[in-house]
Amino acid sequence: MKMAANDKHDAKHVRVLILGSGPAGCTAAIYAGRANMAPTLIHGPAPGGQLTTTSDVENYPGFAKGILGPELMKVFEEQAARFGTTFVETWATGVDLSKRPFKVETATEGTWYADTLIIATGADAMWLNLKSEQHLREAGGGVSACATCDGFFFKGKELVVVGGGDTAMEEANFLTRYATKVTVVHRRDTLRASKIMIDRAKKNPKIGFVWDSAVVDVLDTNGNKKIRAVVVENLKSKQKSEIPAGGLFVAIGHKPNTDLFKDKLELDAKGYVKVRPGTTATSVEGVFACGDVQDSVYRQAVTAAGTGCMAAIEAERWLEANGAGH
Ligand code: NAP
C-alpha cells in the first residue's frame with residue numbers, strides 16, 4: 001500500500017513506524033505485518049538502501065543463481081506490502097524520543113506519532129569523492145566498497161585496496177583468494193588496524209603496501225568503462241605513479257545514518273546506534289535499531305535482515321508488555 005501525499009499537516013499516529021527501506025527495514029515490516037501490527041515504513045532518502053547501488057548479489061540465501069540488488073529489494077518490498085505495510089515516500093527530518101508516542105517529522109508528509117519506532121536507516125560507505133571513481137562505480141566498472149560482496153568477480157586480477165584500518169586489512173586478505181596481487185594504498189606510513197590484522201596482511205605474500213600515498217585518479221580502458229589502473233600521489237614527494245588494477249576496493253570506513261539521533265539515543269564513538277548485546281533495544285525504551293545503523297562489523301544484507309526480524313519481534317513484545325498490544 002502506498003500512502004498518497006494527502007493532508008501534509010495532519011499528524012498521524014501508528015503503532016509501529018519503521019525508518020528505512022533496506023533489508024533490515026523491509027524485514028522488520030514483513031514480521032510486524034504478519035504479527036498484525038500494521039506497520040508504516042518511511043522509505044528514507046535512498047529507497048531500498050545500499051543494495052540498490054550494487055549489481056549481482058550472489059550471497060543472499062534463497063537465490064541460488066544470484067539476483068540483482070535492485071530486484072532483490074523489489075522482492076523485499078513486495079513481500080512487506082503483501083502483509084499490509086504502508087509505505088510512505090519521504091524521509092525523516094527530526095525526531096522527539098523524549099516522550100511517548102514518539103514523534104517523527106518528515107520532509108514532505110508532515111508529522112507522525114508512533115508507539116514504537118524501528119530505526120533501520122543504514123550506513124553509507126565512504127568514498128574518495130573522485131569523479132572517475134564515481135563514474136566507474138555507477139558503471140559497474142570495478143570499483144567497490146565490499147570485498148565480501150564483490151571479490152568473487154575479480155578472479156585472476158591485480159587489485160588495489162585503499163585504507164589502513166581493519167576493514168582494509170580484512171578486505172586485502174580476503175581478496176587474495178581471487179586476486180594475483182593486492183596493493184594496499186595508505187595515506188600514512190602507520191596502519192590504524194589492529195596488530196593481528198596487520199600481521200596477517202604483512203605475512204600474506206600476495207599483499208604489498210604503498211605508503212604515504214593517496215589515490216588521486218582511477219583510469220579506465222578507453223570506452224568500455226572498466227578500470228585498468230589507479231593513479232597514486234606520494235603525499236611527501238608529490239610524485240605521481242600508476243598502479244595497474246583490475247579492481248579498486250575503497251575501505252576507508254562507513255558512516256552510519258544517525259545524524260537525526262545525536263543526543264537522543266546513545267551512539268558509539270563512530271556514531272553507530274548502541275544496542276543491548278544480543279538484542280535490538282536502544283537506550284530509549286520502545287525504540288529499536290536494526291541493520292547497518294547498529295552494525296559496524298558484519299554489514300551484510302542477510303545480517304541486516306536478521307536483525308530486522310529481531311527488531312519486529314522485540315517491538316511486538318514491547319507493545320504487548322506496555323499495554324499497546326492488539
Ligand atoms: P577505520 O578504522 O575508520 O579506518 C579507516 C581507514 O581509512 C584509516 O586507515 C584512515 O586513514 C583511512 N581513510 C579515511 N578517510 C580516508 C580518505 N579520505 N582517503 C584515504 N584514506 C582514508 O574504518 P574501518 O577499517 O572500516 O573499521 C571500522 C571499525 O570496524 C573499526 O572499529 C574496526 O576495528 C572495526 N572492524 C573490525 C574488524 C575485525 O575485527 N575483524 C574488521 C573490520 C572492521 P588514517 O588511519 O590515516 O585515519
Side-chain angles (χ1 to χ4, degrees), residues 50 53-54 59 122-137 143-151 159-177 182-204 207-218 227 229-243 245 247-259 266-275 277 289 291-304 307:
Q50 292 179 75
T53 63
T54 49
N59 54 7
D124 293 323
M126 298 205 297
W127 297 96
L128 300 167
N129 289 328
L130 301 171
K131 259 194 183 157
S132 50
E133 168 204 46
Q134 194 189 338
H135 167 73
L136 281 166
R137 189 159 67 86
V143 175
S144 168
C146 180
T148 314
C149 320
D150 299 328
L159 303 176
V160 169
V161 171
V162 191
D166 281 329
T167 302
M169 297 308 107
E170 193 167 67
E171 302 228 326
N173 263 310
F174 180 80
L175 289 169
T176 59
R177 295 177 191 195
V182 177
T183 304
V184 175
V185 177
H186 182 39
R187 63 185 178 183
R188 294 184 295 131
D189 62 1
T190 325
L191 294 165
R192 175 180 295 279
S194 51
K195 188 176 175 313
I196 186 167
M197 303 291 276
I198 296 174
D199 289 348
R200 203 171 292 158
K202 286 194 168 167
K203 272 190 202 143
N204 189 322
I207 298 178
F209 291 86
V210 172
W211 303 109
D212 296 316
S213 297
V215 170
V216 292
D217 204 1
V218 189
I227 179 176
V230 298
V231 180
V232 294
E233 179 180 283
N234 185 297
L235 298 169
K236 289 184 173 159
S237 69
K238 301 290 171 206
Q239 273 204 329
K240 287 187 184 169
S241 55
E242 275 185 28
I243 306 176
L248 170 66
F249 284 80
V250 180
I252 61 172
H254 282 73
K255 188 185 175 304
N257 296 317
T258 52
D259 288 353
E266 275 184 30
L267 307 179
D268 71 12
K270 299 236 171 205
Y272 287 84
V273 177
K274 276 193 186 174
V275 291
D292 287 11
V293 76
Q294 52 83 56
D295 170 20
S296 65
V297 178
Y298 301 105
R299 298 194 292 249
Q300 299 300 301
V302 68
T303 48
T307 54

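Excluded from the calculations below are hydrogen atoms, water molecules and symmetry mates; all remaining heavy atoms, backbone and side chain alike, are included. Both ligands and their constituent atoms are indexed starting at 1 by order of listing.
Partners of Trp211 under the ring-ring contact (aromatic ring centres under 6.0 Å, His included) rule, at least two apart in sequence or in another chain, are Phe209.
Summarising the local packing, NZ of Lys238 is surrounded by more than 12 heavy atoms from other residues, nucleotides or ligands at distances under 6.0 Å. No more than 12 heavy atoms of other residues, nucleotides or ligands lie within 6.0 Å of NZ in Lys240, so this atom counts as exposed by the packing criterion.
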Could you go through residues 161-170 and list every donor-acceptor pair under 3.5 Å that involves a side-chain atom there, pairing it with any protein atom two or more places apart or in another chain?
from: Asp166; atom 1: OD1; to: Ser194; atom 2: N; distance (Å): 2.8
from: Asp166; atom 1: OD1; to: Ser194; atom 2: OG; distance (Å): 2.9
from: Thr167; atom 1: OG1; to: Arg299; atom 2: NH2; distance (Å): 3.4

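Judged as a side-chain hydrogen bond (donor to acceptor under 3.5 Å, both in side chains), not a single pair has a partner in residues 183-192 (not counting sequence neighbours).
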Pair Asp217-Leu130, side chain to side chain contact (heavy atoms under 4.5 Å, CB included): steps then yes or no
CA-CA 7 Å; Asp217 204 1; Leu130 301 171; 5.5 Å; no

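Closer than 4.0 angstrom to ligand 1 by heavy atom are Leu128, Gly163, Gly164, Gly165, Asp166, Thr167, Glu170, His186, Arg187, Arg188, Arg192, Met197, Ala251, Ile252, Gly253, Lys270, Ser296, sorted by chain and number.
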